[in-house]
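Input: a single structure, listed below in structure tokens.
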Amino acid sequence: MTAPAPAPVTGRPLRIGIGGIGIESSTFCPHRSTLDDFRRTRGQELLDRYTWTRPDSEPARRGGPVEWVPLLHAVSLPGGPVEAESYLALKDELVTRLRAAGPLDGLVYDIHGAMSVVGLTDAEADLTEAVRAALDAVGTPDGTGRPMISAAMDLHGNVSRRFAEPVDLLTAHRLAPHEDAWETRERAARNLVRCLREGSRPHRAWVQVPVLLPGEKTSTRLEPARSLYASLADIERRPGVLDAALWVGYAWADEPRCRAAVVVTGDDPGRTAAEAERLARRYWEARRDFVFVGPTGSAEECVERAVASDRRPFFISDSGDNPTAGGAGDLAYMLRRLLAHDAIRSGRVTALHPGITDPAAVARCFAAGVGAEVTLSVGGKVDTGHGGPCELTGTVEALQRATDREDRAEGGAYDRGADMAAVRTGGLTVILVGRRKAFHTLADFLGPAEGGLGIDPRTYDLVVVKIGYLEPELYAMAADWLLALTPGGVDQDLKRLGHHRVERPLYPFDEDAYDDTPGPDLTARHLPPLPPLPPG
């Protein structure tokens with residue numbers, strides 16, 4: 001029996017909460033994320049993160065005003081699994097604030113989708129069930145219907161059925177790199193307002209696809225991801241469809257939920273199911289067509305090719321230890337390769353290697369001061385499995401104290417801030433950081449306007465960054481680049497990592513699975529609208 005549609009909300013402001021927890025967690029990374037890694041935003045500061053909370057924004061203009069209720073938003077640089085105690089503290093605060101907020105029409109649920117927590121197998125499902133229970137407990141301002149949840153997610157998140165069932169609306173980024181992250185959050189808010197004003201509670205068609213690929217093979221800069229993601233806007237313009245979303249999943253967590261997924265949302269259950277199945281089939285059939293977003297090679301091959309090139313600056317991605325995908329960020333694997341190269345060691349070729357995490361080495365540099373010669377044991381203290389620390393002797397070139405910031409260009413990625421020290425030896429300058437940090441923009445290198453490292457990567461022959469695909473500013477800066485297939489907690493060679501908890505068969509772990517059959521079952525599972533709450 002189909003649940004009756006809720007009545008449209010007219011004649012009063014909508015009350016909509018905003019909150020969530022966002023982190024991407026590699027279960028293959030020995031780092032552990034704690035409360036201290038999260039930026040926690042509340043009150044007016046939380047409302048100010050978004051443009052659509054303003055009175056003149058499009059969501060607010062759709063049929064009447066909206067009272068946006070700030071709860072808690074917590075975001076961290078990707079890393080290892082979240083320690084259980086830290087997760088419980090964040091979860092408890094979000095749930096407590098929901099219950100204290102009073103009746104709500106809905107919640108804009110600003111999350112990532114790839115959080116792993118020590119001791120849990122589906123952290124987002126655990127969190128969402130608690131959020132749903134709290135919302136149902138406070139009810140709606142009218143005392144009828146049921147508060148709605150509209151989730152805004154990263155396309156590298158995971159969508160299990162357990163997670164999807166309590167969520168009324170789901171949408172995800174459509175670009176990788178995620179230049180549309182803020183647009184995704186606005187779409188989630190806009191869809192929620194529309195449904196509440198119209199009194200609709202949509203159907204969701206959910207399909208998981210047995211494919212798990214790294215983000216560096218699914219960038220929308222290239223086919224087939226470009227066309228697949230471009231088609232989502234066309235799908236949602238079809239009658240009976242409100243939203244279409246495609247997740248590639250998160251490749252560096254070893255959990256049963258980790259795989260691609262499709263959710264199509266709308267008021268026509270037949271159309272949503274048909275569109276979801278069609279999109280899932282297209283993704284499955286294209287699985288072997290996905291390629292790395294740039295030319296690849298081993299660490300040694302990439303350094304040799306970069307040194308020999310006449311294109312400057314030449315960027316190399318140290319992809320296996322990328323802290324913005326969940327790597328520890330402290331591997332000295334590429335540092336050893338740079339120090340071993342005669343042209344770099346002699347200074348004939350200049351090279352810059354930012355972002356090796358080592359708080360003890362940074363502290364020694366600060367103690368020594370600019371201009372001092374230091375001998376340091378660098379890196380390999382968190383992720384000890386790929387060579388351990390590397391000895392580095394050089395001159396302290398620059399020092400900078402930590403500054404926290406949230407980078408809107410990176411979709412709200414949080415840079416917790418780090419003390420930094422630049423050490424030069426021969427033609428190589430190494431930037432050491434006191435805590436895991438991204439180097440995605442020119443500002444990350446140059447430092448604050450009032451004085452910082454002052455290092456300009458554009459003046460070096462070779463720049464080795466702990467990253468996967470180059471973020472837009474670096475991509476525009478690079479005369480050429482290579483993706484080094486290095487080891488680490490986010491190794492691009494998934495088969496080297498040792499997944500054993502993912503559901504099999506799963507491509508590319510089982511490359512020939514289904515070759516002798518019509519293929520996997522890609523039938524859409526119908527998730528009906530949540531029924532009204534019982535009286536009282």
Side-chain angles (χ1 to χ4, degrees), residues 303 306-307 312-318 321 323 329-381 389-405 415-467 473-474 477-479:
V303 172
V307 169
R312 301 292 186 247
F314 197 114
F315 275 70
I316 297 175
S317 293
D318 179 8
D321 193 36
D330 85 325
L331 285 181
Y333 189 85
M334 284 297 294
L335 175 59
R336 285 190 178 83
R337 276 69 189 168
L338 295 169
L339 290 172
H341 200 286
D342 288 341
I344 296 171
R345 193 169 56 247
S346 68
R348 296 196 308 274
V349 170
T350 58
L352 175 65
H353 187 20
I356 300 177
T357 307
D358 194 321
V362 171
R364 287 197 58 195
C365 290
F366 271 90
V370 172
E373 183 171 294
V374 290
T375 296
L376 306 168
S377 173
V378 171
K381 300 176 179 70
C390 175
E391 184 174 293
L392 174 67
T393 297
T395 303
V396 179
E397 290 278 282
L399 299 168
Q400 179 183 314
R401 287 297 183 187
T403 54
D404 293 358
R405 67 189 182 92
D415 188 332
R416 182 66 177 79
D419 289 347
M420 296 192 286
V423 178
R424 181 178 55 80
T425 178
L428 174 64
T429 298
V430 182
I431 300 177
L432 307 173
V433 294
R435 60 187 304 146
R436 299 163 64 257
K437 174 181 167 54
F439 283 82
H440 286 177
T441 67
L442 187 59
D444 291 324
F445 295 87
L446 293 176
E450 63 271 16
L453 283 176
I455 289 175
D456 188 340
R458 297 169 297 186
T459 65
Y460 289 80
D461 297 323
L462 170 59
V463 182
V464 178
V465 186
K466 288 184 178 292
I467 198 172
E473 197 168 323
L474 299 187
M477 191 186 304

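Pairing each heavy atom of D321 with each of D330, the nearest pair is OD2-N, 3.2 Å. When every heavy atom of V423 is checked against every heavy atom of V374, the shortest pair comes out as CG1-CG2, 4.4 Å. In plain terms, the two heavy atoms of H341 and V307 that are nearest each other are CE1-CG1, 3.7 Å. When all heavy atoms of D461 and R348 are compared, the closest pair comes out as OD2-O, 4.2 Å. Minimum heavy-atom separation, T429 to A422: CG2-CB, 4.2 Å. The minimum heavy-atom distance linking T350 with Y460 is given by the pair OG1-CA, 3.6 Å.
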* Asked: Checking side chain to side chain contact (heavy atoms under 4.5 Å, CB included) for the pair M420/F439: CA distance, chi angles, key distance, verdict?
  -> CA-CA 12 Å; M420 296 192 286; F439 283 82; 3.6 Å; yes

* Asked: Checking side chain to side chain contact (heavy atoms under 4.5 Å, CB included) for the pair L474/T441: CA distance, chi angles, key distance, verdict?
  -> CA-CA 6 Å; L474 299 187; T441 67; over 6 Å; no

* **Intermediate values then yes/no, salt bridge (Lys or Arg N to Asp or Glu O under 4.0 Å), D444 and K437** => CA-CA 9 Å; D444 291 324; K437 174 181 167 54; 3.5 Å; yes

* To do: Show your working on side chain to side chain contact (heavy atoms under 4.5 Å, CB included) between T393 and E373 and close with a plain yes or no.
  => CA-CA 7 Å; T393 297; E373 183 171 294; 4.0 Å; yes

* Check the pair L392, T425 against side chain to side chain contact (heavy atoms under 4.5 Å, CB included), reporting the backbone distance first and the verdict last. => CA-CA 8 Å; L392 174 67; T425 178; 3.6 Å; yes

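No donor-acceptor pair under 3.5 Å is formed between the side chain of E397 and the backbone N or O of G371. Judged by distance alone, the side chain of R424 and the main-chain N or O of T395 form no donor-acceptor pair under 3.5 Å.
The shortest distance between side-chain heavy atoms of F445 and I431 falls below 4.5 Å. Under the 4.5 Å side-chain criterion, counting only non-hydrogen atoms from C-beta, L399 is not in contact with L453. Annotation: side chain of D419 is not in contact with side chain of Q400 (no heavy-atom distance under 4.5 Å).
With rounding to the nearest 0.5 Å, the separation of NZ in K466 from NE2 in H440 is 12.5 Å. Rounding to the nearest 0.5 Å gives a distance of 10.5 Å between CG of L339 and CZ of R337. Rounded to the nearest 0.5 Å, atoms CD1 (I344) and CG (L338) are 5.0 Å apart.
Side-chain contact of T459 with D456: a donor-acceptor pair under 3.5 Å is absent, judged by distance alone.
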Can you list, pair by pair, the side-chain donor-acceptor contacts under 3.5 Å of residues 351-370, counting residues two or more places apart and other chains?
unit_1 : atom_1 : unit_2 : atom_2 : d
H353   : ND1    : V464   : O      : 2.9
T357   : OG1    : G329   : O      : 3.2
D358   : OD1    : A360   : N      : 3.3
D358   : OD1    : A361   : N      : 3.0
D358   : OD2    : G379   : N      : 2.8
D358   : OD2    : K381   : NZ     : 2.5
R364   : NH1    : T375   : O      : 2.8

